[in-house]
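Down below is the structure, laid out as structure tokens.
Index from 1, following the sequence. Because the structure is a prediction, the values reported are computed rather than measured.
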Amino acid sequence: MSSQETYINESATCLWINNEKIIDMPGIFFTEIERIRLYEMDRIKRIPYGIGDFEQVNAKWEYYVDKTMYIPELEKHRFVFFIRPRRFGKTLFLSTLQSYYDINKKDRFEEFYRDTWILENPTEERARYMILYFNFSVVNKDKNLVQPSFNIYCSGVIDHFLDLYEKYIPGKVAAEVKKSKNADEKLSKMSYLLAGEETKIYLMIDEYDNFTNTIMAEYGREEYERISKEEGYFKQFFTVLKGIASGSGSALARMFITGVSPITMDDVTSGFNVGANLSTHPRFNTLMGFTETDVSEMIDYYTRAGEFHLDKNECLKIMSQWYNNYQFAEKAKNRVFNTDMILYFMRDTCGLDYMPNDLIDENVRVDYGKLKHLIAVNNNLNGNFNELENLLANGYSTARLKKSFPHHQLMVRDNFISLLFYFGLLTIDGSFQGETRFSIPNKVIESFMNEFITEGYRDACKVDISMVKLSRLIGAMAYDGEWMPCIEHIAELIEECLSVRDLIEGEKVVQTLFTAFLHAGRPFLISTEKESGGGFIDISLAPFLSLFPDMQYAYLIEMKYLKANELYNADIEQKTFAKAKAQLEKYANDENLRKQWHLDPYGEIELKRLILIFKGRELKHYSEY
């Protein structure tokens with residue numbers, strides 16, 4: 001709310017702001033909607049962080065990024081299956097569809113959809129359906145309670161649906177359906193008895209795999225298969241649903257299902273073959289998430305409102321590094337930002353003169369923390385862990401993007417890489433030799449990936465890794481220039497970790513693990529193989545001055561590696577050192593790097609150049625020059 005006082009007179013013919021009449025139209029009366037709109041012209045829209053209710057967002061004057069232009073295109077498909085990572089706005093979009101198609105809300109269209117594309121371009125199917133809406137995120141995830149919770153929830157939703165649309169449902173049908181105790185029986189009976197009715201059902205399921213993913217992560221494959229295989233109640237629910245969608249003359253006219261992966265759908269239906277999986281269709285690449293234009297316009301709005309005080313270009317640069325670069329279709333032209341992270345950033349910067357202390361929303365961190373089960377089973381690292389190491393070491397991976405695969409085939413490489421993509425840990429980054437090329441989209445995901453590596457070694461290899469200690473040592477590097485204690489500690493951890501994985505050796509493994517430990521700290525922007533001075537820096541620690549303006553030091557690290565069985569003596573060490581020194585001198589003299597890092601003569605950050613020589617898993621030499 002602004003500080004201005006707004007008043008609309010009783011005759012509703014004029015608008016007053018701070019005792020000054022700004023609109024005076026004698027003889028013309030504003031409608032209720034127009035009066036509300038005039039009042040809200042003087043209000044600042046709230047940032048709808050964590051809000052998934054469209055009517056609350058748009059009808060109650062919160063900032064809404066319009067996605068309604070996709071509605072006509074979606075109507076070309078009766079049954080839609082759509083996957084996006086968590087925190088990308090799936091719930092809000094499904095709520096947008098719910099309000100648009102609900103026959104009970106046809107008289108409130110202008111109120112709900114003002115300032116949207118669809119208001120001027122409504123389709124013939126607007127407000128035509130009874131909406132049967134399920135949100136499976138509310139199902140209890142305890143393995144002992146999940147089955148009764150699912151049945152109680154779904155049965156309650158169906159009973160409420162029957163009451164909500166009693167005008168369109170014969171009383172005898174409602175009474176007959178309510179006699180059944182199980183949700184799948186209710187669903188089947190209702191569809192059969194309503195088959196001849198004129199008003200059809202639009203069924204929506206949000207987060208269809210929410211509780212199954214939790215069961216998978218916390219209890220393992222055996223518990224997951226109990227609910228997804230032939231005898232499972234969840235399997236039976238989708239068997240009924242698939243039968244209804246496949247039948248002719250069904251009461252079910254449309255269906256929209258969202259989730260974060262195709263695994264559960266494959267397990268409970270052997271693939272969603274009754275409808276269209278539009279998850280990787282280029283036309284729907286930006287259906288969820290924010291484009292750069294969306295983010296730019298949001299910043300402009302809050303700047304004009306006097307709420308956003310930071311430099312727009314600097315913020316866009318940081319947001320792009322940390323939240324952007326998701327592409328969900330190979331032929332798509334645009335990339336999108338994570339919806340939640342943008343709203344989090346805007347919420348925590350509006351009205352202030354500084355950015356959030358932590359650029360990663362804790363809710364997102366918790367979501368991705370649940371994925372650690374993908375790389376370890378009973379604290380034993382699996383083949384997927386090696387894939388993750390290779391991905392971080394090389395910066396990309398190639399695979400065939402799979403649209404569907406069962407849980408028991410998760411160890412198949414293409415399936416695992418595809419799952420990382422669906423979960424938002426990877427993004428499409430072109431193609432290579434007939435396969436899809438995947439890369440890590442941004443700094444947030446890079447941080448999570450490195451946490452997976454660190455925690456994987458800590459849990460599986462029983463190595464005592466204190467993230468607090470690492471953070472403190474990295475802080476001393478940034479502020480005091482004391483790099484040696486941190487390098488020595490990380491070297492000890494690497495030797496201990498790799499000693500329990502005797503078959504794992506190589507420069508990329510050592511560099512990846514070294515970098516993963518460095519991510520425990522916050523002051524640096526960490527990069528591997530960063531281009532500079534006509535070459536590629538092994539590890540660069542750039543000063544993150546936007547968040548830590550008082551830090552004093554930046555680092556270039558050249559890492560040389562010799563195999564464990566190679567000869568090592570003083571002469572070899574001297575030659576290796578000389579080669580590393582020459583490379584670092586080229587990197588350090590790069591003019592662009594000196595400007596970007598605020599090094600002399602462009603700032604007061606002091607650059608330290610470190611040379612590390614590993615022989616196998618042992619650090620044999622470390623020095624600064």
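- Residues Asp53 and Gln56 bring no donor and acceptor atom of their side chains to less than 3.5 Å of each other.
- Classification of the Tyr344-Tyr49 ring pair by plane angle, with boundaries at 30° and 60°, yields tilted.
- Asn210 and Lys141 share a side-chain donor-acceptor pair at under 3.5 Å.
- Pairing each heavy atom of Ala245 with each of Met255, the nearest pair is CB-CE, 4.0 Å.
- Considering Tyr202, Tyr165, Tyr133 in turn, Tyr165 is the only one that fulfils the side chain to side chain donor-acceptor pair (under 3.5 Å) rule with Asp102.
- Residue Arg400 qualifies as open at atom CZ: its count of foreign heavy atoms under 6.0 Å is 12 or below.
- Annotation: salt bridge (Lys or Arg N to Asp or Glu O under 4.0 Å) contacts of Glu55 (sequence neighbours excluded): Lys105.
- Taking the six-membered ring for Trp and thresholds of 30 and 60 degrees, Phe93 and Phe256 have ring planes inclined between 30 and 60 degrees apart.
- Taking 4.0 Å as the cut-off between side-chain N and carboxylate O, Glu451 and Arg365 count as a salt-bridged pair.
- Between Asn338 and Asn324, every side-chain heavy-atom pair lies at or beyond the 4.5 Å cut-off.
- Atom OH of Tyr192 sits in a sparse spot, with 12 or fewer heavy atoms from other residues, nucleotides or ligands closer than 6.0 Å.
- Side chains of Asp267 and Ser228: a donor-acceptor N/O pair is absent below 3.5 angstrom, by distance only.
- For the side-chain contact (heavy atoms from CB on, under 4.5 Å) test with Leu94, the passing option among Ile257, Asp206, Asn135 is Asp206; the others fail.
- Ser155 places a side-chain N or O within donor-acceptor distance of the main-chain N or O of Asn151, the cut-off being under 3.5 Å.
- Classification of the Phe328-Phe421 ring pair by plane angle, with boundaries at 30° and 60°, yields tilted.
- In plain terms, the two heavy atoms of Ile360 and Ser447 that are nearest each other are CD1-OG, 3.8 Å.
- The OG1 atom of Thr212 sits 9.0 Å away from the CD1 atom of Ile263 when rounded to the nearest 0.5 Å.
- Of all non-hydrogen atoms in Val57 and Pro48, the two that sit nearest each other are CG2-CB, 3.9 Å.
- Proximity of the aromatic rings of Tyr64 and Phe54 is defined here by a centroid distance below 6.0 angstrom, and this criterion is met.
- A cation-pi geometry, defined here as NZ or CZ lying under 6.0 Å from the six-membered ring centre and within 45° of its normal, does not hold between Arg46 and Tyr63.
- Partners of Arg283 according to the side chain to side chain contact (heavy atoms under 4.5 Å, CB included) rule, which considers only residues two or more places apart in sequence or in another chain, are Glu73, Lys76, His281.
- Geometrically, Arg335 does not engage Tyr326 in a cation-pi contact defined by less than 6.0 Å to the ring centre and at most 45° from the axis.
- Aromatic ring orientation, Tyr100 versus Tyr113: perpendicular (interplanar angle above 60°, classes split at 30° and 60°).
- When every heavy atom of Ser418 is checked against every heavy atom of Lys402, the shortest pair comes out as OG-N, 2.9 Å.
- Looking at Cys497 and Leu513, their side chains come closer than 4.5 Å, going by heavy atoms from C-beta outward.
- Side-chain contact between Phe345 and Met355: present, with at least one pair of heavy atoms (C-beta onward) separated by less than 4.5 Å.
- Ion pairing of Arg226 with Glu222 is absent here, as no side-chain N (NZ or NE/NH1/NH2) approaches a carboxylate O to less than 4.0 Å.
- Atom NE2 of His407 is separated from atom CD of Glu225 by 7.5 Å, given to the nearest 0.5 angstrom.
- You'll find the side chain of Arg84 stays beyond 4.5 Å of the side chain of Thr258, heavy atoms only.
- Take Arg254 and apply the salt bridge (Lys or Arg N to Asp or Glu O under 4.0 Å) test, not counting sequence neighbours, and it matches Glu125.
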I'd like to know whether Phe448 forms a ring-ring contact (aromatic ring centres under 6.0 Å, His included) with Phe423, so could you lay out the CA-CA distance, the side-chain angles of the two residues, the decisive distance to 0.1 Å, and finally the verdict. CA-CA 12 Å; Phe448 293 151; Phe423 280 154; over 10 Å; no
Go through Phe385 and Tyr457 one step at a time and tell me if the ring-ring contact (aromatic ring centres under 6.0 Å, His included) criterion holds. CA-CA 10 Å; Phe385 185 84; Tyr457 275 110; 5.2 Å; yes
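- The aromatic rings of Tyr208 and Phe81 sit perpendicular, their planes meeting at an angle over 60°, well past the 30° parallel limit.
- Residues Ile227 and Lys235 have side chains not in contact (no heavy-atom distance under 4.5 Å, counting atoms from C-beta outward).
- Side-chain contact of His519 with Glu446: a donor-acceptor pair under 3.5 Å is present, judged by distance alone.
- Salt-bridge annotation for Glu387 and Arg413: present, with a side-chain N of the basic residue lying under 4.0 Å from a carboxylate O of the acidic one.
- Side-chain atoms of Gln327 and Thr427 include no donor-acceptor pair closer than 3.5 Å.
- Salt bridge status for Asp367 with Arg87: present, with a side-chain N to carboxylate O gap under 4.0 Å.
- Annotation: the span from Thr339 atom OG1 to Lys90 atom NZ amounts to 9.0 Å, rounded to 0.5 Å.
- Between Asp159 and Lys178 there is no salt bridge, since none of the side-chain N atoms of the basic residue sits less than 4.0 Å from a carboxylate O of the acidic one.
- With hydrogens and angles ignored, the 3.5 Å screen pairs no side-chain donor or acceptor of Asp414 with any backbone N or O of Ala399.
- In terms of heavy atoms, Val268 sits closest to Thr239 at O-OG1, 4.5 Å.
- Ring planes of Phe150 and Phe211: tilted class, angle from 30 to 60°.
- For Asp429 (side chain) and Ser439 (main-chain N/O), no donor-acceptor pair under 3.5 Å exists by modelled atom type.
- Under the 3.5 Å distance criterion, with hydrogens and angles disregarded, a donor-acceptor pair is assigned to the side chains of Asp266 and Ser404.
- Here the closest heavy-atom approach between residue Ser261 and residue Leu419 is recorded as CB-CD1, 3.6 Å.
- At least one donor-acceptor pair under 3.5 Å links the side chain of Lys67 to the backbone N or O of Thr286.
- By the 4.5 Å heavy-atom criterion applied to side chains, Gln147 and Phe234 are not counted as neighbours.
- In this structure, Phe238 has its ring center no closer than 6.0 Å to that of Tyr233.
- The shortest distance between side-chain heavy atoms of Met190 and Ile158 falls below 4.5 Å.
- Counting only heavy atoms from C-beta outward, the side chains of Phe136 and Asp209 never approach each other to under 4.5 Å.
- With respect to the salt-bridge test (charged N to carboxylate O, under 4.0 angstrom), the residues Lys189 and Glu176 qualify.
- In this structure, Lys443 is not positioned above the aromatic face of Trp322 in the sense of NZ or CZ being under 6.0 Å from the six-membered ring centre and within 45° of the axis.
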